[in-house]
Amino acid sequence: MKIVIRFFPYVLAVYHLLFSVIAWKYITVHNGDAVRYWFVGQDLSTVSWGSFFRPGTDVIKIFTFPLVKYFHLPFYLGFLIFSLFSGYGFYRLWRLLLKIAGNNSCAYLAAFILLLLPNAHFWTSFIGKEAPLFTAFVLVTDQWYKRRLGSAQLRISFLIIAFIRPHVGVVLALGLLMSIWSSKIVTLKYKSIISGVAFFVAALLYQLLYMITGTRVNMLKRIQYLYELHITKLRETHAHVPLDEYTVPYKIFTFYFRPLPFEKTGWLYGIWSAENAVCLFIFGLSLCILIFNYKKLHLGSSSVLSVVFILGYALMYVFAYANWGLIARTKILALPMYAALVIEMVKTMATKTKT
């Protein structure tokens, strides 16, 4: 096992970088957002760098604009750069899972499997927001599990998430706040201070949402309108999934675990459905651990962050993202917290049952 642990980061690095080639080939055939982020075919002579300094997905163009306009880097190299960035996220996630697993071989095995899931490697190798967001989520999870609540890495990562996706930042802030309030080692005074800061941050994120959506009406009405618009448009796509017809529990199940094997045809769906089956098996195993060993489990406040975020993140999207492709690329941001939670549960079960 020690040999496997020693060489696994190298295997993980090569494995991940291969997906940058796959992602590049995929975009050259199917087109996609990466073309827009890399300004392919666009005249940049009259475009200024400062025009992209605003919240939302244009944040990615702040990084890509000088690479294209001033350094003239080719399109394929952009995939390698973004893949290297997300690759660092996978490496940090590996180090975190290794720390959580302790010396438990079952936890190691679960970590190996979760870190090699192809869907996450594929979508984080594109030129786009998934690579920086994924790495930011890994760093937030890492710092929170290590109880470095005020670290620069955590704060900067949160700002990146909030600036690119303010609504995701809201869910993350809620998870962080719930985690702090569930902690037994944090004083009431500190919890009250954090709650005040969280309220201030929520107000800022609310204003960012107004800026991004450009709305002049009540934000809740605007969100409802956008949800309905998404559902209507996505009904016309070939990858439509009727989420609006499902109950809330089945919406969440679909978001994280469907399509299952033999639900859809095609090799892409085949790979993805096999991955979903593996994730469902690991989740089912973890759920059994929770049910049969709930008196023995001593999960920390960090697990509260994972649970709140995983549920809140799904609820935010299942009322709008009625498309398999959107679901596939959106749910990968929950992988760091999902993996940390699963590894902690598996490790805790094995440790407690030995005593």
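Note that the coordinates shown come from a computational prediction; the quantities given were computed from them, not determined experimentally. We count residues from 1, following the sequence as given.
Atom CZ of Arg165 and atom OH of Tyr313 lie 8.5 Å apart (nearest 0.5 Å). Atom CH2 in Trp94 sits 5.5 Å away from atom CZ in Phe8 (nearest 0.5 Å). A distance of 8.0 Å separates CE of Met337 from CD1 of Ile310, quoted to the nearest 0.5 Å. Thr141 OG1 to Phe309 CZ: the interatomic distance, rounded to the nearest 0.5 Å, is 8.0 Å. Between atom CZ of residue Phe7 and atom CD1 of residue Ile3 there is a gap of 7.5 Å, rounded to the nearest 0.5 Å. Note that NZ of Lys61 is 5.0 Å distant from CZ of Arg36, once rounded to the nearest 0.5 Å.
Counting non-hydrogen atoms of neighbouring residues, nucleotides and ligands closer than 6.0 angstrom, the CZ atom of Phe281 reaches no more than 12 such neighbours. Annotation for Phe283: atom CZ does not count as buried by contact number, only 12 or fewer foreign heavy atoms lying within 6.0 Å. Within 6.0 Å of CZ on Arg95 lie no more than 12 heavy atoms contributed by other residues, nucleotides or ligands. Residue His238 places its NE2 atom among 12 or fewer non-hydrogen atoms of other residues, nucleotides or ligands, all under 6.0 Å distant. Around the OH atom of Tyr91, the shell of radius 6.0 Å holds no more than 12 heavy atoms that belong to other residues, nucleotides or ligands. More than 12 heavy-atom neighbours from other residues, nucleotides or ligands sit within 6.0 angstrom of CE on Met316.
His121 is listed as a side-chain neighbour of Leu12, based on a closest heavy-atom distance under 4.5 Å. Leu17 has its side chain within reach of Leu84: a pair of non-hydrogen atoms, C-beta onward, lies under 4.5 Å apart. Two residues are said to be in side-chain contact when any heavy atoms from C-beta on lie closer than 4.5 Å; Leu315 and Val248 meet this criterion. Pro118 has its side chain within reach of Glu275: a pair of non-hydrogen atoms, C-beta onward, lies under 4.5 Å apart. Using a 4.5 Å cut-off on side-chain heavy atoms (C-beta onward), Phe255 and Leu243 make no contact. Ser86 is listed as a side-chain neighbour of His16, based on a closest heavy-atom distance under 4.5 Å. In this structure, the side chains of Leu172 and Phe137 come closer than 4.5 Å at one or more pairs of heavy atoms. A heavy-atom distance below 4.5 Å is not found between the side chains of Val318 and Thr254.
Of all heavy-atom pairs between Ala340 and Ile100, the closest is CB-CD1, 3.9 Å. Nearest heavy atom pair, residue His240 against residue Trp324, reads O-NE1, 4.0 Å. Heavy-atom minimum distance, Arg258 versus Trp272: O-CZ2, 3.8 Å. Considering every non-hydrogen atom in both Leu305 and Gly175, the closest pair reads CD1-C, 3.4 Å. Taking both residues in full, the closest heavy atoms of Leu234 and Ala322 are given as CD1-N, 3.3 Å, listed atom of the first, atom of the second, then distance. Closest approach of Ser83 to Ser125, counting heavy atoms only: OG-OG, 3.5 Å.
Lys129 contributes no side-chain N or O that, together with a main-chain N or O of Ile164, makes up a donor-acceptor pair within less than 3.5 Å. In terms of modelled atom types and a separation under 3.5 Å, the side chain of Thr330 and the main chain of Ile327 share no donor-acceptor contact. Remark: the backbone N or O of Ala328 is paired with a side-chain donor or acceptor of Asn119 at under 3.5 angstrom. In this structure, Tyr15 contributes its side chain and Leu116 its backbone to a donor-acceptor pair below 3.5 Å. Judged by distance alone, with hydrogens and angles left aside, the side-chain atoms of Thr135 form no donor-acceptor pair with the main-chain N or O of Pro132 at under 3.5 Å. At least one donor-acceptor pair closer than 3.5 Å links the side chain of Asn276 to the backbone N or O of Pro259. Side-chain N or O atoms of Lys99 include none that pairs as donor or acceptor with a backbone N or O of Lys146 at under 3.5 Å. For Ser157 (side chain) and Leu154 (main-chain N/O), no donor-acceptor pair under 3.5 Å exists by modelled atom type.
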Quiz prompt | Test log, rule ring pair (Phe, Tyr, Trp, His ring centres under 6.0 Å), inputs Phe90 and Phe134 | solution = CA-CA 9 Å; Phe90 276 101; Phe134 178 81; 4.6 Å; yes
Practice problem: Please step through ring pair (Phe, Tyr, Trp, His ring centres under 6.0 Å) for the pair Phe122 and Tyr26, ending with a clear verdict. | Solution: CA-CA 10 Å; Phe122 179 65; Tyr26 181 88; 5.5 Å; yes
Self-check item: From CA spacing to verdict: side chain to side chain contact (heavy atoms under 4.5 Å, CB included), Thr124, Phe19
Solution: CA-CA 9 Å; Thr124 57; Phe19 279 90; over 6 Å; no
Quiz prompt | Worked check of side chain to side chain contact (heavy atoms under 4.5 Å, CB included) between Ser303 and Tyr145 | solution = CA-CA 8 Å; Ser303 299; Tyr145 266 81; 3.9 Å; yes
Quiz item: Can you check side chain to side chain contact (heavy atoms under 4.5 Å, CB included) on Tyr108 and Leu97, steps first, answer last?
Solution: CA-CA 8 Å; Tyr108 286 151; Leu97 298 184; over 6 Å; no
Practice problem: Would you check, one step at a time, whether the test side chain to side chain contact (heavy atoms under 4.5 Å, CB included) holds for Trp38 with Leu67? | Solution: CA-CA 9 Å; Trp38 204 255; Leu67 299 180; 4.0 Å; yes
Exercise. For the pair Phe65 and Phe39, evaluate ring pair (Phe, Tyr, Trp, His ring centres under 6.0 Å) and give the outcome as yes or no after the intermediate values.
Key: CA-CA 8 Å; Phe65 181 80; Phe39 306 98; 5.8 Å; yes
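The aromatic rings of Phe257 and Phe253 lie tilted to each other, with the angle between the two planes from 30° to 60°.
Note on Val11 and Leu115: separate hydrophobic clusters, where clusters join Ile, Leu, Val, Met, Phe, Trp and Tyr whose side-chain heavy atoms are under 4.5 Å apart, directly or indirectly. Placement of Val140 and Val168 within a single hydrophobic cluster is found when ILVMFWY residues are connected by side-chain heavy-atom separations under 4.5 Å, directly or transitively. Hydrophobic clustering (side-chain heavy atoms under 4.5 Å, transitive across Ile, Leu, Val, Met, Phe, Trp, Tyr) groups Val68 together with Tyr70. Met178 and Val307 are members of different hydrophobic clusters when ILVMFWY side chains are connected at heavy-atom separations under 4.5 Å. Hydrophobic clustering of Ile, Leu, Val, Met, Phe, Trp and Tyr side chains at less than 4.5 Å, counting indirect connections, keeps Ile27 apart from Val21.
Residue Phe82 forms a ring-ring contact (aromatic ring centres under 6.0 Å, His included) with just one option from Phe63, Phe126, Tyr88, and that option is Phe63.
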